[in-house]
Amino acid sequence: MRVLVIGSGGREHALCRSLKLDPQVSELHCAPGNAGIAEIATLHDIVPTDSQQVAGLAEKLGADLVVVGPEAPLVAGVADAVRASGIPCFGPGREAAMIEGSKAFAKEIMQAAGVPTARSRTCATREEAEAALAEFGAPYVVKDDGLAAGKGVVVTDDHAAALEHAEACERVVIEEFLDGPEVSLFALCDGATAVALQPAQDFKRAYDGDQGPNTGGMGAYTPLPWAPEGLAEQVMREVVHPTVSELARRGLPYNGVLYVGLALTSKGPKVVEFNARFGDPETQVVLDRLETPLAGVLMACATGTLAEQPPLAYRAGSAVAVVVAAENYPADPVKGDVITGLEPTEHAYVLHAGTAVKDGRTVSAGGRVLAVVGTGPDQQSARNNAYELVGRVRLRGSHYRTDIAR
Ligand code: AMP
Ligand code: GLY
């Protein structure tokens, strides 16, 4: 099978690593990729949000399957263009991807499908925002309606800051604060059938103790030994199946992965957000544990044959990912610094995110530069193995959280 992966982050490196390990995959391509992916796949320098370029590359390569990683190409309609050229594609089309592309649309779908989520108001004026802030009270949750690379959400007790964020965005969703631990659940979907992957937890704030600004994610681990029994089944029943059915009813069959961000509240799991793609860095740990060869599963989603697949199998034990971020991330990350100490150890390895090759050396090229994945029979050993390798990575000015999976 010839597979083309679209994207250039840590999630795409994790996808490529698992695809490379699948004996069914004869050729692996990635566009545009990064320095780590270059070691296992052939890179192609195209604009990932340009539907014609992606579909054209897939045709030229004779790809059997295209896997679209990030939200921007999905929302731009890249998966539609690939499918229109007759090539199976893993990833929702433009309209279904609006489940991530518009918070207001996601809320509308959840309401129509009876999915448990925070009560909310969509606001376009200062007056509407003020009324919604008063209705729900502190802590205030204000979300930019559109895509914002994980930085569109402000959660604060400061009324002025909440209002300022609302005014800075064209349209916002203001909602009730959900209290409780957060869980990420990925559901693989083929338009009709949906299957859950093993739940993971992500650490969104930049600094230890959940301090500092929201980021795309600073670390993750799986499995969750503390999670209630039957959580995945409950979320499939109460969230994923109703959502996918509602989308199909509207003529938007969902094909790809539906990322459900949940808060486990005292009144049960409630949806914090939907994404139309795999989460980053949760994918790095979930795919590490997934034993079932990945290409066949993604192909089954792309071709509507998920119901015929055997149940997914996982490796025992735990995986922990720790993100190493560039100086000044998330505000204005410094790029172009040399990175060393990337060699794997017996139980840990590096997945690249914002990296590039310059004059034969690996340099930083993004905010989240890489993730170290450590594995072990239990969470503590996986964590120790991850941090041991994090300690060997050298990147001037970089920072990471020391409390991932503690
Ligand atoms: P989102 O982009 O919607 O995932 O929001 C980013 C982060 O903001 C989430 O992972 C939560 O930590 C936090 N957040 C979002 N919505 C809420 C909410 N209703 N209550 C509490 N925290 C929230
Ligand atoms: N880790 C959170 C996200 O991918 O949105």
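In listed order, ligands and their atoms are each counted from 1. Small disclaimer: the values here were computed from a predicted structure and weren't measured.
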Original post:
Using a heavy-atom cut-off of under 4.0 Å, does the side chain or the backbone of V141 touch ligand 1, or both, or neither?
Top reply: side chain
Original post:
What atoms of ligand 2 come within less than 4.0 Å of a heavy atom belonging to E282?
Top reply: 1 (N), 2 (C)
Subject >> Interfacing atoms of ligand 1 (cut-off 4.0 Å, heavy-atom, K103) >> reply: 1 (P), 2 (O), 3 (O)
Original post:
Side chain of D208, backbone of T402: donor and acceptor closer than 3.5 Å?
Top reply: yes
**OP:** Have a look at ligand 2 and work out which part of R277, if any, has a heavy atom under 4.0 Å from it: side chain, backbone, both or neither.
**Re:** side chain
Subject >> D280, any N or O under 3.5 Å of ligand 2 N or O >> reply: yes
Subject >> Contact check, F278 vs ligand 2, heavy-atom distance below 4.0 Å >> reply: no
Original post:
Which atoms of ligand 2 are found less than 4.0 Å from any heavy atom of N275?
Top reply: 5 (O)
Original post:
Is a side-chain donor-acceptor pair under 3.5 Å present for D337 with S364?
Top reply: no
**OP:** Quick one: look at K143 and ligand 1, take heavy-atom pairs under 4.0 Å, and tell me if it's side chain, backbone, both or neither.
**Re:** side chain
Subject >> Which segment of V153 sits under 4.0 Å of ligand 1 when only heavy atoms are counted >> reply: side chain
Original post:
Counting heavy atoms only, which of G216, S184, G279 is nearest atom 2 (C) of ligand 2?
Top reply: G216
**OP:** Only one of E175, H165, E273 passes side chain to side chain donor-acceptor pair (under 3.5 Å) with K143; say which it is.
**Re:** E175
Original post:
Numbering the atoms of ligand 1 from 1, which are under 4.0 Å from a heavy atom of K204?
Top reply: 10 (O)
**OP:** Please confirm whether R11 comes under 4.0 Å of ligand 2, counting heavy atoms of the residue only.
**Re:** no
Original post:
Counting from 1, what ligand 1 atoms have a heavy atom of E175 closer than 4.0 Å?
Top reply: 16 (N), 17 (C), 18 (C), 19 (N)
**OP:** Can you sort out which atoms of ligand 1 are near N214, meaning under 4.0 Å from one of its heavy atoms?
**Re:** 7 (C), 8 (O)
Original post:
Does one side chain, of Y221 or E282, offer a donor that lies under 3.5 Å from an acceptor on the other?
Top reply: no
Original post:
With distance as the sole criterion, is a donor-acceptor pair present between the side chains of D280 and T283 under 3.5 Å?
Top reply: no
Subject >> Side-chain donor/acceptor of T122 to backbone N/O of A104, under 3.5 Å >> reply: no
Subject >> Lys NZ or Arg CZ of R368 over Y400 ring: under 6.0 Å, within 45° >> reply: no
Original post:
Looking at ligand 1, does R205 have a heavy atom less than 4.0 Å from it?
Top reply: no
**OP:** Go through the steps for E108 and R250 under the test salt bridge (Lys or Arg N to Asp or Glu O under 4.0 Å), then give the verdict.
**Re:** CA-CA 12 Å; E108 185 196 318; R250 296 180 183 216; 2.8 Å; yes
**OP:** Pull out every atom of ligand 1 sitting under 4.0 Å from any heavy atom of E182, numbered as shown with elements.
**Re:** 9 (C), 10 (O), 11 (C), 12 (O)
Original post:
In ligand 2, which numbered atoms sit nearer than 4.0 Å to a non-hydrogen atom of D202?
Top reply: 1 (N), 2 (C)
Subject >> Proximity winner for atom 23 (C) of ligand 1, if only heavy atoms of D144, V155, V154 are counted >> reply: V155
Original post:
Which ligand 1 atoms, with their elements, are less than 4.0 angstrom from a heavy-atom of L178?
Top reply: 18 (C), 19 (N), 20 (N), 21 (C)
**OP:** Classify the side-chain pair N384/Q380 by whether it contains a donor and acceptor separated by less than 3.5 Å.
**Re:** yes
Subject >> Test ring pair (Phe, Tyr, Trp, His ring centres under 6.0 Å) applied to Y259 and F274, step by step >> reply: CA-CA 6 Å; Y259 166 135; F274 280 140; 9.2 Å; no
Original post:
Only one of K204, R401, R205 forms a salt bridge (charged side-chain N to carboxylate O under 4.0 Å, His left out) with D210, so which one is it?
Top reply: R401
**OP:** Identify, by atom number and element, the atoms of ligand 2 in contact range of K204, meaning under 4.0 Å from any of its heavy atoms.
**Re:** 2 (C)
Original post:
Considering the options K107, E176, K270, Q111, which one meets the side-chain contact (heavy atoms from CB on, under 4.5 Å) requirement together with R119?
Top reply: E176
